[in-house]
Each structure stands twice: as structure tokens, then as C-alpha cells.
Amino acid sequence: MTATIPPNQLASQYDPFSTEARWQAYWEENAVFKADPNHPGEPYCVVIPPPNVTGSLHMGHAFEEAIIDTLVRYHRMKGRNTLWLPGTDHASIAVSALLDVQFKKEGTNRFELGRDQYLERAWQWKEASGGTITNQLRKLGVSVDWSRERFTMDEGMSKAVLETFTRLYDEGLIYRGEYLVNWCPASQSAVSDLEVDQQEVKGHLWYLRYPLSDDSGFIEVATTRPETMLGDTAVAVNPNDQRYRHLIGKTVTLPIMGRQIPIIADEYTDLELGSGAVKITPAHDPNDFEVGKRHNLPFINILNKDGSLNEKAGPFAGQDRFVARKNVIQRLDAEGFLVKVEDHVHNVPYSERGKVPIEPFLSTQWFVKIRPLADRALQELDEHQSPLFVPERWTKVYRDWLVKLEDWCISRQLWWGHQIPAWYAISETEGKITDSTPFVVARSAAEAREKAWAQFGSDVVLEQDPDVLDTWFSSGIWPCSTLGWPEQTQDFSTYYPTTTLVTGFDIIFFWVARMTMMCSHLTGKMPFQTVYIHGLVRDENNQKMSKSKNNGIDPLILIQKYGTDALRYTLVREVVGAGQDIRLEYNRKTDESASVEASRNFANKLWNASRFVLINLDSQILPSPEESSLELSDRWILSRFNRVAQQTNRFMNTYGLGEAAKSLYEFIWGDFCDWYIELVKPRLNGEDQTSRATAQATLYHVLDGILKLLHPYMPHITEEIWHTLTQAGEDKSLALQAYPEAAEKWINPALESQFDLLIETIRTLRNLRADSDIKPSQKITAILKTESEAERETLEAGQRYIRDLARVESLSIQGGSRSLDEKVANTSTEVPTVDPKPESPQQQLPTKLVSPVLIAISALALTVLLLVGSLSLLDVINAVPLLRSFFELVGAGYTAWFGYRYLLFTANRKELSSRVQTFKERVVGERSTESEDSSVTRQEIVDGLGEDLKQTAAGVAGTVQVLIPLAGVVDLRALKGKLQKDITKLEGSVKALEGRLSNQGYVEKAPPEVVQKSRDELAEMRKQVEILQERLAKLE
RNA sequence: GGGCGGUUAGCUCAGCGGUAGAGCGCCUGCCUUACAAGCAGGAUGUCACUGGUUCGAAUCCAGUAUCGCCCACCA
């Protein structure tokens, strides 16, 4: 498995496709993620939110699995005893609907087929296509333990379901009874409250008048479902309603049906609404059901299971509910009972799966008595903050729901699922299951027989309840049943309770709450410590992705285009802490996504950085860098590395996956690639073997750490590179290596800020060069000058770095550091050093007169020193003999001039200028013997060495002055404009700071360190303004 | 009707009391022997609005607007 391609033959573009497939196969074949209960470390267990076995992978899965896998891989590398358990659920209603469609095509239906044949076909279907979703999960690179894969209808889980049902029944927490349920006429089954969606529809409000039975007039009622009047058994008014008080107790004659129904008083009736009187249909409306119970009204069911009206509907029997609605209205209108019709927008409950309006329907069903279970969950929440929700705000949502929760209808009139383990003694009720047929609940048919014999004698005839359980009943025990419960297996004792449940907010009620209620009741322990709730992945228009809108974005298409790591990284980096919805950029015409492409580019960047490291290593295995030989840049990257390791760990421990992903990106690209690799290049090609070896070791060490840090986010590419880098054998996987911990001793903020100054200095130089029209290939000499002791030290410490970078940037840089000044001073006895505070150089530089000769000598000495310094230090210059290098001579000239003008003093310019003239002549002389391009530029520069030579481009970094000669035909006005703009901007900041510091309140009340910081900043900015103004003046 | 979340650069989003940030896009210059899926540099903001608290508010509080989500039995 280990990559054996020589590093210099690695492709310059990363190919995620073959790589990802290879490592996915490797992980699975080698059972890298197989959990071992005996593994040391604190257990870390996640059970997968089981996708529907019918399903195929959508973006929501990709998002969720990416989050889980990142967490799981992280904790595995942290040494936890890790298990991520995969599986699917049987999705009772979804599969039934799917099979119904299939059978309809074949011209049959489930009732014709019969239960056994139906189930046989269902299982065939499951075997054939149930693997789709799990194979797609594999393409995400999920680090699950496939050996522990479960299905909610497999043997063990079915056993757990039986155990749960019988136990809850024995405890009186499951009961059978006749209640109003949500009936889906499409699937012809009851559904739970949660499986009902309210949809706003434009309907009508029909006003009807019911004649009082004593012919003394009418009472007016309004309804949105007029056909239900056929089942009315009362009219209710509010007891405090003066208008109707006298009618209470009287009866009305129900139109069409002709039966007399009472006018009753009930607080439920709203005085303000409609006519103030409301028709009561106890068998077809949840409120009316309650009213009916309170007043002992008859319950008249007018509906069949398929949504048509039954014989209780009189003349409308057999008609579909919506056909009947029209006909009832027509009849009422014809007979003068319809008062008026208004347009009316209202919410209609729809069956989530069946996509048709549900009917409140009176039927006998199985229910879970929810209060004792919900109260227990509430107690866990209130007393033990269990489970802990992340983000915290979901706690309230969860809690509120538990508080108002009502009994849960768990029976479904379907066949695919767990058949309810209740056996009816049908011999007691003439061979039929009726509402009053006695039954026994048992774990098996044999046990049922035993129980029934004891109760009804051995001639009892038993029939199992035909209904199945709500899918969520089995999903509700997923965390315990998948781990072996009710058996006390080693897995169960080790990994239960699980650590974290990761899921979407839409599933808190469906699943999370049911797990907390059921599992805690059954095992005495909450099923997980933490619930991490993520947002939704929205489409490019910020729309929720849904089948009906057909706006889903197929993760597999993006994976094919950019690779799994790229998609995963994109999704995870968008997570950030808050659990917000994320929007995925996507172009439907081209199937492209800019944000996933950016992640793909990041993978490629890492690939190429690694290629660079590999190419530049001598041997594959390197020891850690020798501490004593570490250079500034080495220490800097090590400091940054350890800081980012610290951040990553911190973020991951608080579910800040997005922040962690972003900080890694910035470190890898912005620090490691952009700076460290660049400045290490000269060392790798240089003569200094110690420096070279140190750079190599540091590169190796940091890259190795980067791969480990990034592995949970981009598992495939990191595994690939890591094997090549370390030459680890097949027995090793990066996924099982220890995650880097931050070594605090390497984190050095002072050094990092030193480095920031250097970076800023370089940036200033680059800008100056660009502004001065100096081509990248041209070598120039620049002068850095500072009056701050700290900055001077930084520049000195960074000299090597600056030189290295200068080489890369084709800059040759001379440092105006004290050590050089001292050397200058040592060359002549009386030469003053730099004035530390040249407020305005012209006036404030030392005015003490020194012999012109000495001045000249000093200037020359300085020049030579700098040149010699350059020679010994700069490879650039090695390439060309000293005096043959035209540009360096120019540089030398400039240096001399600068040295004269700014670094030394301004005493006798004339004298020096003659010396400079000498330089000029020599340079010109040299030039005539060499012909190089861009001679115009050179000519100008050379000319510029004389008296009309004044102009330099200047910038500041901190208060370090950066000066370079102007070259070529430069647009002075643009240059000045730029300077002026910088000054204006700075002056604005100065003003703001001055304002703040002159505010007594601020100075007195703000923390001293904040005030001091402001003072320092103000001082620096003022200095910068001065410097820039000075430079501006020089350009005039 | 209750509850929750969002409103910051052209786009997607971080930041959540001390001088406004990233990625993408855009502009300028570069095929520099890790990477053009790249390098260097650059421009861009009444931080939705109005008040308040504070020495200081994008950040905290109150309200408004607006977009979105969840829950809810109103005939």
C-alpha cells in the first residue's frame, strides 16, 4: 500500500480519484476501524443516524457523515477507544409506499398478494437495493466499523424490539385503545402526529344554518369541512354567550340526516369567532372528540379506511370524501341550509408520506403512555443536564416538546416492519379480532400460546395482531440495541452510553427525544452524553433541498468532480460553531461548485508542498531538528505549528469543526507554503550543511504534523502523503497515529511578532519595487533604517531571513543595523553613528563638522563593508564577479549615497559628491564594456548617481524605513499620490487615537494595558506619518 | 398565535466589547526548477434601522424593519 513512486516523479496535480478509492479499500480490508472493547483509553462511541434502507445518498448525509467522521477520526487519534457503528433502518412507510407503486404497475396490490408473499417480495427488494446507501457511505470515506453494521429488522434488533414492547406493556406503558388518530387514506394506516405536515391551502368557509327542532328559528355554524356535518352529534355555544344562552338544552334537526342533536354549552367555543356557535363532529375532529367525551355525545364514524364515506353517511355512502363535500354543499344549498360561502385560507394536515390530507379517524390502535417516559427525560435534563445540547439553544426546543407531549400511536396498518407481538384469542370473539378481543403480549408465538392456554384453555385460537410498529419505535432503541441490548454484551458494557449523537434539528422530536425516553427507561442510563445539532445544507438559492422541489445537489457528482476530501472539507469548514444552516454554491448547468473547487485547490496545494518536501529530503527518515541549530524561521514555523495544533485541539473539543478547519487552512497555505517553504529554499541549495539539514528536518517534522492535524478533515490525501513521507508499511495507518498536542514551549508570541515585522518589511519592499517599475528580474539594493531598538534587533535577527527572501525576490538588501554602524564607526575614529532621533533629517542630523576627507573615507568604507557583507552572505552575488556586476555597483553607489545622506551626516555634500562622481565614472566605464538590456533604465540610474539624484521610493513597516532607488521612468505623480494617500489614511488613524487618548474617561477607566497599547500605536503612527511626509518632500 | 435564527466587502460567510476579517470574484504584474488547481501585489464596507448602556458597541440591552425556520386544534 505504501506509495513507492520516487518523489520527483509524483504528478504535479493531485489525483483524488484513484487515491481515495485505494485508501477506502485499504481501511476496510485491513479493518482499520474495527473497534476492540479491550482497547485502552476512554470509550468514544457514535452510532450512525441510520439512513433509510430505501435511500440514496443526499447532501444531508454527506454533511452529517463528514461531521461525524471528522469527530470520530479526531478522537480515535487522540487515543480514545473508538467505535462508530453503521447501519440502516427499515423505513416502514417509505418502503410500503415504494412497494405499493411497484405492485400497482404489476396490476396487483398487497391485499391480493397476501402478507407472506408481500414480505417475501419486500425482503427481495431490500437484499437487492438495500446496499446502495451503505456503498455510497463508503465513498465518503467514513471510518465506521463495518463488522458491526446493523439493520433495524435484523435478528438482534428485532429481539430488542420485542423485549422493549413486552417490557413496556407489562409495565402498563403500552396500551390498546380506540382513539382519534391521524389517518392517511393513501397508505391506509395511522400515522403519528409528527408524520403530519400542516399545509396552508386556499379553501372556503361554509356557513350553515341548522333549524331548531321546535321551529323557533335557526342557529348558524361555520365549517371548512362541510361533509363532516353528516357525523355531527351536537352544536356547541359558549356558556357565557348571551346570544345563545336561551338555546342551551334545546335541539336542532340536522339537515339531510334529520336527526335531532343537542345544543350544548362548552367553554371551548370562542365567542368572538364566526357566529359563536360551532358544530360538533366527535369522530372526525380532535377538538370535537374532546367535547364529545365531556358531554357523552355519540361518536359517529362516517369514513371508510380509503377515505370514502361509509353507510353512516346516508345518501353519500361510497363517495370519496371530496366528491361528497361538493354534493353535500349542493344539497344543503338546494334545501336552503347554506347561508354563505367565504374564501378562507387555513392549514390542512397532510400526511408526510402519503401526500394527501389526513383524516382524524376513530380507530383502535396501540399507544405508548408517554408521560412517565417524558417526565423521566425531563428529570434527566433538569437535574443532570442530560443530554447536553450543542448548540445549547436546542435544549429549550427539546424541553418544550417533552413538556407538552401526548401519547404516541405506535401501530401502523402496514406489513413491512416489526409485527406487534400481541396475540388475540379470536376464538373468544367468533374468530375475529374486534376491539374487545382478549389478547396476550409475548416475546414469541410459543410464549403467547403458553400464556393463552393458561388463560383461555388449550382450545383457544390465537391470531397475531396484523399491524406493525412505527419505525421510530425500533429507531428509538438504536443506541442500545445496536450494541447488543438486552444482552449484557461486552460492546454494550463498554460503549453504552454512547458519547455523542450528531443529527439535524428536524429530527430532535422524531428520534432524539424518543431515544432519550426509551433508552433511559430501559437501561437506566441516557443513551448519549452530548447531542450535536447541525444545520441544513441549503441549495445555491438558500432553499431547503427537497425531493418535491427537485433541487437536491448530488454529493456524488461533486465527489466525482473534486474528490471526497474536497467536498468533506468544504462542508466541514462551513460548520463553524453555531450550527447554522450552510449554503452550498452550485452551478446546475455545469455541476460546478466554486467553494468545493477551492477545497480541491487546497488539497492540490498540500500535495505540491509535500512534493517539494519530498524532493528536497535526502533520506526518508529524519530525526527531529537539532534545537541548537534552529534558525529564526525554523523557530517561527515551529511556534506557528504548535499554536495551530493548540487551536485545533481546542476547537475540536468544543465542536468548533469549522474554525479548526479554517485555522489549519491558513496555517498550511499562508504560513507553511507561502513563507516557510519560500525562505527555506536557499538553505536547501546552499553550502551550509547544518543549515540545510536543519531545514530538512524542520520541513519533515512540520509536514508530518500537518498531515496528522489535517487527517480528520481530509483523510485520504493525508494518508496518501503520509505513507510516502514516512515510508510507513502496510501495517500502519495515519488514521491510527497520535494526534499532535501543542508543545507550549515552542509557542513564542514575541518571535511571531518579530516575524510579522519582517513580513511587513518585505511586503513594503515588494510594493516599492512595483511602484518604481523595477522588473522582478532586476536586482536592486535597498536600505532599511530604524531608530527603535526592538526593531533593530528584529532586523538583525532576521538578516538571514531577509537575505534569503531577497534572493527569492531578486532583492539585495542591506541592513542598517547597529552592528554595521559600529563597523563603520570603527573604521574611522570620529565618525558619528546614526542619530537616534532625526525628527527632520535635514535639521536634526548631527551638525558637528567632520573632516570632508573622513566623511568620504567613511562613506567608502561603509560601501565596501556592505558590499563585502553582501558577498559573503548573498548567493546572488556569488554568481557574478564583484565589480562586473553592474547592478550591484549601482547598488553600492546608492548605498554610499544613502550612507552619506542619511546614515551618517549631511556635512559636506560637495566633497562627497566628487567621490560619488568617481564611482559614476567607473560605473559608466564598466557599462561601456558590457551590453545588457534595459540600458535606458541603467543610463538613468547612472545619471541619477549625480547631484539630480534625490529620488527614492520609500515606505514604512512599523517604523522601519524602507528605501529603494527609483528606477526607470517612474510616474512620480502616481508615486506621490500613493504616498499622500497613505499619509491621509494614517493621519485619520492618528486623529482617532488622539481623540481617544484625550478622553479622560478612556484614560481613567480603560484597562491600563489597553491605554498603553493605544499610546504605543499612536507613537508609531505619528512616526510613520513623519517619515512618509519627509519622503514625500524629497520627491518634490 | 407562540418560539428560534439570520441581516457585516459584488457573492458565500467568520468575528460577538477595544483601530473591520477570510474564501470566491474583481484589478495589476508574473509560466520564478512544489504548485497557473499557481505566485506577488491591490481595490472594496453608513457591520439592516432607531434608541439605550459604556470611556468605548458590528459586538451588550430595548424596539423597528426584513428574510427564514420550528411549534400550534381555532369552527
Side-chain angles (χ1 to χ4, degrees), chain A residues 7-8 10 12-14 198 205-207 221-225 236 268-270 272-281 285-290 344 346-347 349 360 391 393-394 396-397 400-401 404 505-506 508-509 535-536 538 540 542-544 562 566 573-574 576-585 594-595 597-616 658-659 662 665-666 670 673-674 677-678 681 685 763 766-767 769-771 775-777 808-810 988-989 992-993 996 999-1007 1010-1011 1013-1014 1017-1018 1021:
Chain A
N8 56 358
L10 290 172
S12 65
Q13 277 194 5
Y14 171 60
Q198 299 292 333
L205 194 58
W206 284 274
Y207 288 82
V221 295
T223 180
T224 54
R225 294 188 299 153
Y268 156 71
T269 311
D270 191 332
E272 309 294 320
L273 221 61
S275 62
V278 60
K279 62 192 268 313
I280 300 296
T281 321
D285 182 280
N287 289 309
D288 296 4
F289 180 78
E290 295 301 323
H344 184 65
H346 62 133
N347 286 330
R393 67 172 184 276
W394 294 108
K396 185 173 164 7
V397 176
D400 289 351
W401 193 71
K404 66 178 172 64
F505 60 79
D506 51 335
I508 291 178
F509 308 137
L536 256 41
R538 294 171 172 277
E540 69 279 17
N542 206 23
Q543 299 288 306
K544 209 170 172 176
Y562 303 110
R573 79 171 278 169
E574 292 301 327
V576 190
Q580 301 292 352
D581 290 354
I582 65 168
R583 190 190 297 205
L584 191 64
E585 283 174 65
S595 52
E597 187 178 318
S599 301
R600 189 271 315 261
N601 294 351
F602 175 50
N604 195 51
K605 186 72 180 178
L606 176 66
W607 175 257
N608 278 294
S610 306
R611 213 158 61 92
F612 172 84
V613 174
L614 289 165
I615 289 169
N616 283 289
E659 290 97 329
K662 280 179 192 169
Y665 182 99
E666 282 163 21
C673 294
D674 286 350
I677 285 187
E678 288 310 320
K681 280 175 178 173
N685 296 322
R763 211 157 257 157
R766 286 172 179 165
N767 280 332
R769 191 176 54 179
D771 294 344
K775 298 277 178 290
S777 55
V808 174
E809 294 294 317
S810 297
S989 307
L993 273 177
R996 192 189 304 177
N999 180 336
Q1000 278 304 315
Y1002 175 69
V1003 180
E1004 283 163 17
K1005 295 191 183 174
V1010 173
V1011 177
K1013 203 179 148 205
S1014 302
E1017 279 169 9
L1018 179 60
M1021 281 178 193

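Note that this is a predicted model, so its numbers are computed, not measured. Keep in mind that the numbers below use all heavy atoms, side chains included, and drop hydrogens, waters and symmetry copies. Letters A, B, ... are given to chains in the order of the sequence lines, protein chains preceding strands, and every chain is numbered from 1.
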Every protein N/O lying under 3.5 Å from an N/O of nucleotides 2-6 of chain B:
from, atom 1, to, atom 2, distance (Å)
B/G5, O2', A/Gln580, OE1, 3.1

Inset, instruction - Taking atom P in both B/A48 and B/C55, compute the distance separating them and give it to the nearest angstrom. - result: 25 Å
Inset, instruction - Look at all strands and tell whether A/Asn604 reaches a base, only sugar-phosphate, or nothing, counting heavy atoms closer than 4.0 Å. - result: base
Inset, instruction - Would you kindly check whether a donor in the side chain of A/Asn287 faces an acceptor in the base of B/C73, or vice versa, at under 3.5 angstrom? - result: yes
Inset, instruction - Indicate, with a heavy-atom threshold strictly under 4.0 Å, whether A/Leu584 touches base, sugar-phosphate, or nothing. - result: nothing
Inset, instruction - Looking only at side-chain atoms of A/Glu1017, point me to the closest of B/C35, B/G41, B/U19. - result: B/U19
Inset, instruction - Compare side-chain N and O positions of A/Lys681 against OP1 and OP2 of B/U32 and report whether any pair is under 4.0 Å apart. - result: no
Legend entry - Side-chain N,O (A/Lys662) to OP1/OP2 (B/C13) below 4.0 Å: no
Inset, instruction - Would you please say whether a donor-acceptor pair under 3.5 Å links the side chains of A/Arg611 and A/Asn608? - result: yes
Inset, instruction - Measure from NZ or CZ of A/Arg600 to the centre of the six-membered ring of A/Tyr562 and say whether it is under 6.0 Å with the direction within 45° of the ring axis. - result: no
Legend entry - Helical stems, RNA chain B - three or more consecutive Watson-Crick or G-U wobble pairs below 3.5 Å: B:1-7 with B:65-71, B:10-13 with B:21-24, B:26-30 with B:38-42, B:48-52 with B:60-64
Legend entry - Distance test, side-chain N/O of A/Asn601 to OP1/OP2 of B/G38, below 4.0 Å: yes
Inset, instruction - Would you classify A/Pro1007 as touching base, sugar-phosphate or nothing, given that sugar-phosphate means primed atoms plus P, OP1 and OP2, and contacts are heavy atoms under 4.0 Å? - result: base
Inset, instruction - Answer with base, sugar-phosphate or nothing: what part of the nucleic acid does A/Lys404 contact at a heavy-atom distance below 4.0 Å? - result: sugar-phosphate
Legend entry - Nearest-angstrom distance from the residue atom CG of A/Asp674 to C1' of B/C35: 11 Å
Legend entry - Any A/Asn542 side-chain N or O less than 4.0 Å from OP1/OP2 of B/G68: no
Inset, instruction - Return no unless some side-chain N or O of A/Arg996 is found under 4.0 Å from OP1 or OP2 of B/G56. - result: no
Inset, instruction - Give one of base, sugar-phosphate or nothing for A/Arg583, where a contact means two heavy atoms less than 4.0 Å apart. - result: sugar-phosphate
Inset, instruction - Taking the side chain as every heavy atom from C-beta outward, state whether A/Thr281 and A/Arg225 have any atom pair closer than 4.5 Å. - result: no
Legend entry - Spacing of the C1' atoms in B/C31 and B/G68 (rounded, Å): 47 Å
Inset, instruction - State which of B/C70, B/A34, B/C74 makes the closest approach to the side chain of A/Phe509. - result: B/C70
Legend entry - No-H, no-angle donor-acceptor pair, A/Arg600 side chain to B/A37 base, under 3.5 Å: yes
Legend entry - Contact under 4.0 Å: A/Arg763 side-chain N or O vs B/G41 OP1/OP2: yes
Legend entry - Gap between atoms CG and C1', on A/Leu10 and B/U33 respectively (whole Å): 16 Å
Legend entry - Minimum-distance nucleotide to A/Ala1006 side chain [options: B/G18, B/C35, B/C69]: B/G18
Inset, instruction - For A/Thr224, report the nucleic acid contact type (base, sugar-phosphate, nothing); a contact means any heavy atom under 4.0 Å. - result: sugar-phosphate
Legend entry - Minimum-distance pair of heavy atoms, taken over all atoms of A/Asp288 and A/Lys279: OD2-O, 3.4 Å
Legend entry - A/Lys544 vs A/Gln13, nearer the 5' end of RNA chain B by closest nucleotide: A/Gln13
